[in-house]
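Here is the naming used below: chain letters follow the sequence lines, and residue numbers restart at 1 for every chain. These figures come from a predicted structure and were not determined experimentally.
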Amino acid sequence: MEAKVRDLMTPGAIGVDYHQSIGEAARTMRDWGVGSVLVVSDRTLCGLVTDRDLVVRAVAESKGPDAPVGPLSSHDLVGVNADDDAVVAVRLMREHAVRRLPVIDDGQIAGMVSLGDLAAEDDPASALAEVSQADPST
Amino acid sequence: MKMRDIMSPAPVSLAADESVSTAAQAMKEHGIGTVLVVTAGKLSGLVTDRDIAIRVLAEDRDPRTTCVGDIATSDLAVLGPDDDVDQGIRLVRERAVRRIPVVQDGAPVGVVSIGDLALKKDQGSALSDVSAAPPNI
């Protein structure tokens, strides 16, 4: 695997404001067909929230769609550089047991790279690659 | 290698009239992303954490008053406990799903995930490592 993260990432990361509701965050995930969005406060990246976070950190705590999304986000973000080799992203995912990483280029968020993106590069015929490339459920 | 050897047994199941909040609590408590929905002892549907985000939160429905039966996916691919790993992988590919219920006489007896299948087929893959890691809470 010699590809760079830049070649495999989904460019143009999607974000929501810290103060937006979890309903709005869920609609953003639905409309863009993604499972995670970055959380931004005062133009500063402050975390990442996944569809699962909305469920286990809000719905399971009897919160409804109106609750703010910011407090649910994970703050200890692990990122990868756009010019890193794909193997670096794989290693970071293994070490931190995560499926998605923000991609940093010149100090800015340039995109996201998922375990499925990397599987598609490593072995396009693998079951994970195929499932990852399928349309998201709605 | 059969499904009964690699599946997660005793799947978490809820009655169709239980609330989405209850389903979310079960997902958190058990560290899972899928609950099965059962009607009169038979598998009638499946709800994932993403389904709750997309079909409930994104629609501004109240998870405390929405029933799991109203948002469950009912057109399910299922496997039997004696089906082999290759059949499981084929079904995962055909249906583009990550988890498949294992059913005996209509009743759910397990769930098999793409990670369970990858662990059997490719012990060194990143997917098998990440799949074997504990879930986030």
Quick one: does any side-chain atom of A:Arg30 pair with a main-chain N or O of B:Ile54 as donor and acceptor, under 3.5 Å? no
B:Val102-B:Leu43 co-clustered via ILVMFWY side chain contacts under 4.5 Å: no
Do A:Val5 and A:Val88 sit in the same hydrophobic cluster, where Ile, Leu, Val, Met, Phe, Trp and Tyr count as joined when their side-chain heavy atoms come under 4.5 Å apart? yes
Cluster question for you: counting only ILVMFWY and a side-chain heavy-atom cut-off of under 4.5 Å, with indirect links fine, are B:Leu46 and B:Val78 together? yes
Donor-acceptor under 3.5 Å (B:Arg64 side chain, A:Ser62 main chain): yes
Nearest 0.5 Å please: distance from the CG atom of B:Asp49 over to the OG1 atom of A:Thr50. 7.5 Å
Using non-hydrogen atoms and a 4.5 Å limit, figure out which bit of A:Glu24 sits close to chain B: side chain, backbone, both or neither. neither
Would B:Lys28 and A:Arg52 count as a side-chain contact (heavy atoms from CB on, under 4.5 Å) here? Give the steps. CA-CA 9 Å; B:Lys28 179 175 187 171; A:Arg52 179 174 176 82; 5.7 Å; no
Can you see which heavy atom on B:Pro63 is nearest to which on A:Pro65, and at what distance? CD-CD, 3.9 Å
Measuring from atom CG of B:Leu57 to atom CD1 of A:Ile22, what distance do you get when rounded to the nearest 0.5 angstrom? 4.5 Å
What one should report as the nearest heavy-atom pair of A:Ala26 and B:Ala53 is CB-O, 3.3 Å
Joint hydrophobic cluster, A:Met9 plus A:Met112, side-chain heavy atoms closer than 4.5 Å: no
Pair count under 4.5 Å, heavy atoms only, with chain B: among A:Gly35, A:Gly23, A:Ala25, highest is A:Gly23
A:Glu95 atom CD, over 12 foreign heavy atoms within 6.0 Å: yes
Proximal component of B:Arg95, with respect to chain A [non-hydrogen, under 4.5 Å]: neither
Consider only side-chain heavy atoms of I, L, V, M, F, W and Y, link residues closer than 4.5 Å, and tell whether A:Met29 and A:Val39 are in one cluster. yes
Please report the C-alpha distance between B:Val20 and A:Val59 in whole Å, then the side-chain angles of each, then the deciding distance to 0.1 Å, and finally whether the side-chain contact (heavy atoms from CB on, under 4.5 Å) criterion is met. CA-CA 8 Å; B:Val20 168; A:Val59 179; 4.3 Å; yes
Interatomic spacing from OG in A:Ser21 to CG in B:Asp60 - rounded to 0.5 Å: 6.5 Å
If you count every heavy atom of other residues, nucleotides or ligands that lies below 6.0 Å from A:Asp106 atom CG, does the total exceed 12? no
